[in-house]
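To keep things clear, I will list the structure first and then write my remarks on it.
Since this is a predicted model, take the numbers as computed values, not measurements.
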Amino acid sequence: MGRPRPQQPRSSRPSKPPTELNRRQRGARDSPRRRTCPELTLSKIAKIAVPILGALLLASCSGGSVQGTAQPTGGPTNSASASSDAALPPGVPRVPKPLDTARFQQDPCALLTSAQLQPFKLGNKPGDPRKVPTPSCAWYDYVDAKMSLSVTIATDRDGLAGLYQRQKNFKVFEPLKVEDYPGAIVAGALDQRPQGVCDVEFAVTDKLSISVQTNLSTPDKATNPCGPTKAAAAEVLKTLKATN
């Protein structure tokens with residue numbers, strides 16, 4: 001039998017202190033298992049956040065919106081249809097049917113023909129057209145007719161509504177009707193009817209009016225100064241109705 005192998009003495013080298021990893025492993029074994037939340041990846045966060053942000057943006061945009069039908073803005077408008085839905089101040093009469101004056105704004109003297117001017121003894125007199133500041137035409141004869149007659153498409157004011165709003169500033173404001181269209185006899189600072197001057201303005205749309213003025217130089221000019229004015233206004237209205 002051989003000699004027994006001598007036993008190696010146990011190393012007296014101190015054992016290594018437990019590392020941090022060992023401590024964590026022991027702690028995981030010794031402590032009860034804790035419930036952990038699932039990790040949120042960037043894709044999951046995006047799926048949650050995008051719908052919420054979209055809803056917030058939609059709410060902020062819709063808070064200041066105006067309900068109703070959108071209306072076109074800018075650009076030319078038809079003189080007859082532009083006022084069909086326009087709001088009028090209380091007491092201002094509406095026209096029975098808007099009349100388009102676009103053609104006559106280019107040729108205002110066409111509002112009265114030679115035949116229509118004949119009763120005023122102005123049938124053989126050429127009209128004097130003007131486009132500034134507003135479309136107008138005037139006929140003069142102080143020898144035979146002893147009068148002047150002018151027609152103005154009042155594109156520079158707000159139709160009959162404008163007259164009603166300023167009626168307190170007029171010396172004369174007498175509502176009337178030319179055929180079935182509302183109008184008024186008007187005079188500014190002075191009432192010149194005793195001098196044979198009369199101005200009749202009548203509406204052709206709710207936002208546009210036509211002024212007809214006569215100036216008489218006859219001996220009886222103060223007797224019925226507005227008679228010829230009303231008659232001429234009725235003829236202008238006949239022209240407009242025939243072309244609408």
Q) Under a single-linkage rule joining Ile, Leu, Val, Met, Phe, Trp and Tyr whose side-chain heavy atoms are separated by less than 4.5 Å, which residues share a cluster with Val143? A)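 In the cluster with Val143 there is nothing else; it is isolated.
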Q) Asp199 and Ser211: side-chain donor and acceptor closer than 3.5 Å? A)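 Side-chain D/A pair, Asp199 to Ser211: present.
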Heavy atoms, side chains only, cut-off 4.5 Å: are [X] and [Y] in contact?
X	Y	answer
Asp158	Leu208	no
Val197	Thr214	no
Ile153	Val204	no
Leu176	Phe202	no

Nearest-0.5 Å distance that lies between atom [atom1] in [X] and atom [atom2] in [Y]:
X	Y	atom1	atom2	answer
Ile210	Leu240	CD1	CG	5.0 Å
Gln192	Gln213	CD	CD	8.0 Å
Asp100	Asn244	CG	CG	5.5 Å

Q) Under the side-chain contact (heavy atoms from CB on, under 4.5 Å) criterion, do Leu99 and Tyr181 qualify, and how do the steps go? A) CA-CA 10 Å; Leu99 299 174; Tyr181 280 72; 3.6 Å; yes
Please give me the minimum heavy-atom distance between [X] and [Y], naming the atom from each residue.
X	Y	value
Val200	Ala233	CG1-CB, 4.4 Å
Cys198	Ile185	SG-CG2, 4.1 Å
Thr155	Pro135	OG1-CD, 3.7 Å
Met147	Pro228	CE-CB, 4.4 Å

Q: Kindly indicate, with the supporting measurements, whether the criterion side chain to side chain donor-acceptor pair (under 3.5 Å) is fulfilled by Gln116 and Thr239.
A: CA-CA 9 Å; Gln116 289 173 308; Thr239 301; 3.2 Å; yes
Show me the donor-acceptor pairs within less than 3.5 Å that the side chains of residues 215-225 make with the rest of the protein, sequence neighbours left out.
| unit_1 | atom_1 | unit_2 | atom_2 | d |
| --- | --- | --- | --- | --- |
| Ser217 | OG | Lys146 | O | 2.9 |
| Thr218 | OG1 | Asp220 | OD1 | 2.9 |
| Thr223 | OG1 | Asp220 | O | 3.3 |
| Asn224 | OD1 | Gly227 | N | 3.3 |

Q.
Apply side-chain contact (heavy atoms from CB on, under 4.5 Å) to residues Leu112 and Leu149 and explain how you reach the verdict.
A. CA-CA 11 Å; Leu112 290 173; Leu149 167 62; 3.8 Å; yes
Q. Can a salt bridge be assigned to the pair Glu201 and Arg157 using a cut-off of 4.0 Å between side-chain N and carboxylate O?
A.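 Counted as a salt bridge, because a side-chain N and a carboxylate O are separated by less than 4.0 Å.
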Q. Is Lys230 salt-bridged to Glu179, cutoff N-O under 4.0 Å?
A.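 Between Glu179 and Lys230 there is no salt bridge, as every charged N stays at least 4.0 Å from the carboxylate O atoms.
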Per-pair distances, 0.1 Å, donor-acceptor, side chain in residues 160-172, under 3.5 Å, sequence neighbours excluded:
| unit_1 | atom_1 | unit_2 | atom_2 | d |
| --- | --- | --- | --- | --- |
| Arg166 | NH1 | Gly162 | O | 3.2 |
| Gln167 | NE2 | Tyr164 | O | 3.1 |

Q: Could you please spell out the steps behind the side chain to side chain donor-acceptor pair (under 3.5 Å) verdict for Ser136 and Thr152?
A: CA-CA 4 Å; Ser136 65; Thr152 302; 4.5 Å; no
I'd like a table of donor-acceptor pairs (distance under 3.5 Å, sequence neighbours excluded) in which one partner is a side-chain atom from residues 117-132, with atom names and distances.
| unit_1 | atom_1 | unit_2 | atom_2 | d |
| --- | --- | --- | --- | --- |
| Asp128 | OD2 | Arg130 | NH2 | 3.4 |
| Lys131 | NZ | Gln106 | O | 3.3 |

Q.
Which residues pass the side chain to side chain donor-acceptor pair (under 3.5 Å) test with Lys241, not counting sequence neighbours?
A. Asp180
Q. Does anything in residues 132-151 pair up under ring-ring contact (aromatic ring centres under 6.0 Å, His included), and if so which pairs, sequence neighbours excluded?
A. none
